[in-house]
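Contents: one structure, followed by commentary.
Only this structure's heavy atoms are used, side chains among them; waters, hydrogens and symmetry mates stay out. The structure displayed is predicted, hence computed values, not measured ones. Each residue takes its place number in the sequence, starting with 1. Start at 1 and go down the list; that is how both ligands and their atoms are numbered.
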Amino acid sequence: MENTEFRVELVRLVDESYPVVVGRDLEGSVAEFLADKHPDRRAAVITDSNVASLAAEGLLSSFGSRPADLVVFPAGEASKTREVKERVEDELIARGFGRDTVIVALGGGVVTDLAGFVAATFTRGVPYVSLTTTLLGAADAAIGGKTAVDTPAATNLIGAFHQPAAVFIDLDRWLTLSDRQIREGLGETVKHACIADAVFFEALEDAFVERGLSPAEFVRDDALAELTARRNCEIKRDFVTSDVHEGNRRMGLNLGHTIGRALETAAGYTLNHGECVAIGLALQSRLGERLGYCSPSDVARIEALLRAIGLPTKIPEEVPVDRIMEAMAHDKKGKAGAIRFVFQDGVGRLVVHDGGSYARPVAAEDVHAFLQSQV
Ligand SMILES: NC(=O)c1ccc[n+]([C@@H]2O[C@H](COP(=O)([O-])OP(=O)(O)OC[C@H]3O[C@@H](n4cnc5c(N)ncnc54)[C@H](O)[C@@H]3O)[C@@H](O)[C@H]2O)c1
Ligand SMILES: [Zn+2]
């Protein structure tokens with residue numbers, strides 16, 4: 001018998017555009033957005049145990065007569081699992097949520113990653129709105145549509161691309177962050193300035209190097225906080241919209257992350273992500289200087305800004321270089337014998353290599369020798 005074969009023609013052409021709103025006291029704007037865009041959907045606010053006590057009441061009361069349920073899971077990266085996702089889903093089902101659900105993710109990156117992934121799969125997908133409450137969330141997790149949970153094998157291993165219906169960044173939420181959390185978000189912020197915006201970098205230098213702002217003063221400075229939230233999101237937007245499913249250009253966002261992520265693992269997660277990115281940024285600029293991409297004064301500016309913010313710029317003594325190399329080899333971006341790096345071209349621009357690639361390989365032995373020279 002002859003095989004039968006026919007095609008299912010399915011060219012997807014969807015508009016997944018969404019607004020990003022930055023401001024203070026945004027609960028009312030969220031309620032208005034839901035009333036306007038999703039009037040017939042029942043809202044489920046998903047948050048973690050810390051943010052629940054800090055921000056859930058204000059948000060729910062802004063909904064007025066609109067019915068909304070609150071689903072809370074324990075705060076922390078340890079909750080970003082398939083098991084917690086399942087528990088959240090079971091709770092939604094038990095409370096009678098169905099296809100007419102709109103999810104409101106209220107929290108930092110853990111909440112928006114997990115609640116966004118719940119939204120991606122609940123009844124095969126429902127819309128969600130992100131209310132990002134951390135600076136790291138605003139600097140990175142809010143834009144891009146990547147949602148995921150961790151597994152024991154790797155972080156963010158199981159997930160989906162699911163774009164939010166809207167992102168709200170309420171700068172008032174930053175007022176309760178610890179100094180260390182603010183600095184962590186500023187690590188990603190410096191990365192964005194390094195890859196795409198020399199003027200933004202100068203504004204950060206003015207705030208932290210010249211004026212010596214503390215993290216607490218920074219979050220109270222309306223103009224600077226707004227600029228930081230907006231430029232982070234705009235720069236990330238520019239990279240991901242030209243490369244939604246992670247090909248070449250999105251690689252640019254990995255500046256400082258090749259060493260940074262490996263250091264995070266090698267240090268046994270004693271340093272947070274932003275601290276490791278800061279060290280990674282400082283190191284890649286020094287490696288870039290050796291390769292002719294940065295001048296000594298570029299390197300000095302990058303290090304001075306990171307230090308003024310209060311971020312580390314050196315590999316901690318107790319972390320052996322061999323362990324960093326091992327972690328880098330395990331990283332999915334590593335290739336046998338060579339490690340791919342993104343480099344900045346001075347401050348505010350990336351190096352684009354022949355053929356248009358944003359990353360270039362550096363021989364593992366050269367990386368090893370370089371790291372050894374930095375301790
Ligand atoms: N999707 C992406 O593209 C993307 C990008 C970067 C990071 N991430 C993910 O983001 C996560 C890290 O983000 P995070 O640091 O926001 O994590 P988080 O959500 O765990 O927040 C950190 C801690 O701060 C608390 N918190 C949140 N908002 C607060 C507030 N306003 N005041 C006081 N405390 C508050 C939380 O309860 C938590 O204990 C990681 O899981 C990472 O994988 C995702
Ligand atoms: Zn990062």
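With respect to E303 and R286, a salt bridge is recorded, a charged nitrogen being found less than 4.0 Å from a carboxylate O. For the pair R24 and D172, the salt-bridge criterion is met [side-chain N within less than 4.0 Å of a carboxylate O].
Cation-pi check for R42 over F97 is met; the charged atom lies under 6.0 angstrom from the ring centroid and within 45 degrees of its normal. Taking the ring centre of F117 as origin, the terminal cationic atom of K85 falls inside the region bounded by 6.0 Å and 45° from the ring axis. A cation-pi arrangement is absent between R250 and F239, since the terminal nitrogen or guanidinium carbon is not both under 6.0 Å from the aromatic centre and inside a 45° cone about the axis.
The protein residues lying under 4.0 angstrom from ligand 1, judged by non-hydrogen atoms, are D48, N50, V51, L54, A75, E77, K80, G108, G109, V110, D113, T133, T134, L136, D140, A141, K146, N156, R173, T176, L177, Q181, K236.
The Zn ion (ligand 2) has E188 OE2, H257 NE2, H273 NE2 as protein N, O or S atoms under 2.8 Å away.
When ring centroids are compared, H192 and F200 stay outside the 6.0 Å threshold. Aromatic rings from F218 and F208 are positioned such that their centres are separated by under 6.0 Å.
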Evaluate the criterion side chain to side chain contact (heavy atoms under 4.5 Å, CB included) for residue pair L287 and F343; output intermediate values, then yes/no.
-> CA-CA 9 Å; L287 181 58; F343 288 106; 3.9 Å; yes

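No single ILVMFWY cluster, assembled from side-chain heavy atoms under 4.5 Å apart, contains both V167 and V118.
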